[in-house]
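Keep in mind it's a predicted model, so treat the numbers as computed, not measured.
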Amino acid sequence: SIITTKHGTIVACADARYFTASDNPNRIDKAVCRSLDNGKTWEDMFIAVKEQGESMQYSSAAIDPCLVYDDETDKIFMLYSHTPAGVGILNSRRGTGFDANGRQIVVKDKKKYYLGKDGRLYDKNVVTPYTVDENYNVIENGKKIGNIRTLEGGFTEYRTSYMYVSESSDDGVTWSEPVCISTQIKEEYMCFIGCGPGIGIRIKNGAHKGRLVAPIYFTPRFWPLMECTSCIYSDDYGKTWKRGGAVGENRKRLGLFKVGHKFLVDGERTSESQIIELPDGTLKVFVRNHASCRKVAVAVSKDGGENWHDYHHIDVPQCICQISAINVKDGDKEATLLLNASNPKKRETGVIRLSYDYGETFPYSVTVKEGEFVYSSMCQAKDGTICILYEGSTEHETVDFITLTLDDIKNNKN
């Protein structure tokens, strides 16, 4: 994830994966890097969100960042999905992980406890001798006996995924203690919930001007795996969040019969996405999907992400991989950039495309990397430069950074 603040600072965020390059289960922290000169040089990387654990299967994870910048409050929000040790998208259980009173569920030997705001574990409403400290250690009589994030001592958070948000008010130098927002945006039937990843936006025009919107997806079941693209939004500067509808949930199948988003055939799966805004405040989302045509899908929202309509595929190839999309300034015009692995069969050939009709057509394109190309994120620096952060290998050993200009793309028409 990469964004530019109104001060010209570029803030980049990526997964720091410790024991393997794979997704969770794994130890995954959130690494941040900043540039003060339009991406020419970078300050030292640091860990903004730290998880727990010393081995792959016994570590928690903070996976897939989405940065959202609010230029009115000058705050950066970092959204990500957290999972306890041993949990990933393929085994996240249904539920929010909290009870009706907002207490986090902790499990030991199939028995449920409830973590109160006072840091104590309760057996229903009866206090127990256990407390949980700021590092998620379980303490009994002053002695550590477990950790709810690492499964140590048999204690564990309820085994699902959680959405967290951390924020920075100083251009990404420092970050607040992460707060879980699962009870605001997740329902009991949902299993995994995750970010775009990439970036979110602040709506500039229309009835929902000022709304913060971030792309997410969730799974209504993990076997067979079903995924639904959606978004979350905030109308109070990031204090609280709500979830919009699922992209494509109103599609019809089998003639007059409707199939809801809680049950999808494999080709209808939608997951990671990125959102842009049209001049009237309409939102447009570019969606990774599993359709056999292997093309990027889009949908629009007229109500700030609360509902999505007109789901269809556009003539941009994709290999079932994350897509990056942003609006940029081109003189007195606005342009849309789309970047993805454009080989329909494998994660190769990163192509950036330029559109002047918000992604309806792409008259200009250029290959930014031959060979392997995986996830990416883009921003426009204060000097107009297009900055690209990307994974250049399916081994995920590095996150690379390049810059180019809009003229670099326009000089490669078609």
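Between the side chain of R27 and the main chain of S55, no donor-acceptor pair closer than 3.5 Å is present. No donor-acceptor distance shorter than 3.5 angstrom exists from the side chain of S166 to the backbone of P178, with no hydrogens or angles considered. At least one donor-acceptor pair under 3.5 Å links the side chain of S1 to the backbone N or O of L67. At distances below 3.5 Å, not a single donor-acceptor pair connects side-chain atoms of D123 with backbone N or O atoms of V126. A distance-only check finds no donor-acceptor pair linking the side chain of S271 to the backbone of E227 [under 3.5 Å]. Side chain of K30 to backbone of A16: no donor-acceptor contact under 3.5 angstrom is found.
Between D118 atom CG and T131 atom OG1 the span is 9.5 Å, to the nearest 0.5 Å. To the nearest 0.5 Å, the span separating CZ on R288 from CD on Q274 amounts to 13.0 Å. For the atom pair K75 NZ and T5 OG1, the distance stands at 15.0 Å (nearest 0.5 Å). Within the model, atoms CD of E360 and NZ of K284 stand 3.5 Å from one another, a figure rounded to the nearest 0.5 Å. Note that CD1 of I199 is 6.0 Å distant from CD1 of I326, once rounded to the nearest 0.5 Å. Separating the OG1 atom in T219 from the CZ atom in R94 is a distance of 9.0 Å, to the nearest 0.5 Å.
Among E187, Q104, Q184, E188, the single residue meeting the side chain to side chain donor-acceptor pair (under 3.5 Å) criterion with T96 is E188. Shown are I10, V11, T385; of these, the side chain to side chain contact (heavy atoms under 4.5 Å, CB included) with T4 is made only by I10.
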Legend entry - Criterion ring pair (Phe, Tyr, Trp, His ring centres under 6.0 Å) on F192 and Y217, from CA distance to verdict: CA-CA 8 Å; F192 179 83; Y217 69 107; 5.7 Å; yes
Legend entry - Working for side-chain contact (heavy atoms from CB on, under 4.5 Å), residues I352 and S365: CA-CA 6 Å; I352 187 169; S365 66; over 6 Å; no
Inset, instruction - Tell me, with the steps shown, if E157 and V106 meet side-chain contact (heavy atoms from CB on, under 4.5 Å). - result: CA-CA 5 Å; E157 299 171 293; V106 175; 5.6 Å; no
Legend entry - From CA spacing to verdict: side-chain contact (heavy atoms from CB on, under 4.5 Å), K295, V316: CA-CA 5 Å; K295 292 183 178 181; V316 175; over 6 Å; no
Legend entry - Trace of the side-chain contact (heavy atoms from CB on, under 4.5 Å) decision for I89 with L225: CA-CA 9 Å; I89 191 172; L225 182 63; 4.3 Å; yes
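Put simply, the side chain of H396 reaches to within 4.5 Å of the side chain of V374, judged on heavy atoms.
Taking 4.0 Å as the cut-off between side-chain N and carboxylate O, K346 and E372 do not count as a salt-bridged pair. The pair K144-E152 counts as a salt bridge, with a side-chain nitrogen and a carboxylate oxygen less than 4.0 angstrom apart. The pair K50-D29 does not count as a salt bridge, with every side-chain nitrogen at least 4.0 angstrom from each carboxylate oxygen.
With no hydrogens or angles considered, no side-chain donor-acceptor pair links N101 and Y114 at under 3.5 Å. For the residue pair R17 and T20, no side-chain donor N or O sits within less than 3.5 Å of a side-chain acceptor on the partner. Under 3.5 Å, the side chains of H7 and D74 contain a donor-acceptor pair of N or O atoms. At a cut-off of 3.5 Å, with distance as the only test, no side-chain donor of D407 or N411 sits close to an acceptor on the other residue. In this model, a donor atom of one side chain and an acceptor atom of the other lie less than 3.5 Å apart for T336 and N327. In this model, a donor atom of one side chain and an acceptor atom of the other lie less than 3.5 Å apart for Y375 and E272. For the residue pair E72 and Y237, a side-chain donor N or O sits within less than 3.5 Å of a side-chain acceptor on the partner. Using modelled atom types, one finds no donor on one side chain facing an acceptor on the other under 3.5 Å when comparing S342 with N340.
Cation-pi geometry between K186 and F218 is not met at under 6.0 angstrom from the ring centre and within 45 degrees of the axis. A cation-pi arrangement, defined by a distance under 6.0 Å to the six-membered ring centre and an angle within 45 degrees of its axis, is present between K111 and Y113. The cationic group of K410 does not satisfy the cation-pi geometry with Y364, failing either the under 6.0 Å distance to the six-membered ring centre or the 45° limit from the ring axis. In this structure, R211 forms a cation-pi arrangement with Y233, its terminal cationic atom sitting closer than 6.0 Å to the ring centre and no more than 45° off the ring axis.
Of all heavy-atom pairs between F19 and G53, the closest is CZ-O, 4.5 Å. Nearest heavy atom pair, residue I275 against residue V285, reads CG1-CG2, 3.9 Å.
The aromatic rings of F401 and W42 lie perpendicular to each other, with more than 60° between the two planes, well past the 30° mark. Note: Y390 and F373 have parallel aromatic rings, judged against thresholds of 30 and 60 degrees for the angle between ring planes. Ring geometry for Y80 versus Y164: interplanar angle under 30°, hence parallel rather than tilted (30 to 60°).
Y158 has its ring centre no less than 6.0 Å from the ring centre of F98.
For Y69, there are no ring-ring contact (aromatic ring centres under 6.0 Å, His included) partners, not counting sequence neighbours.
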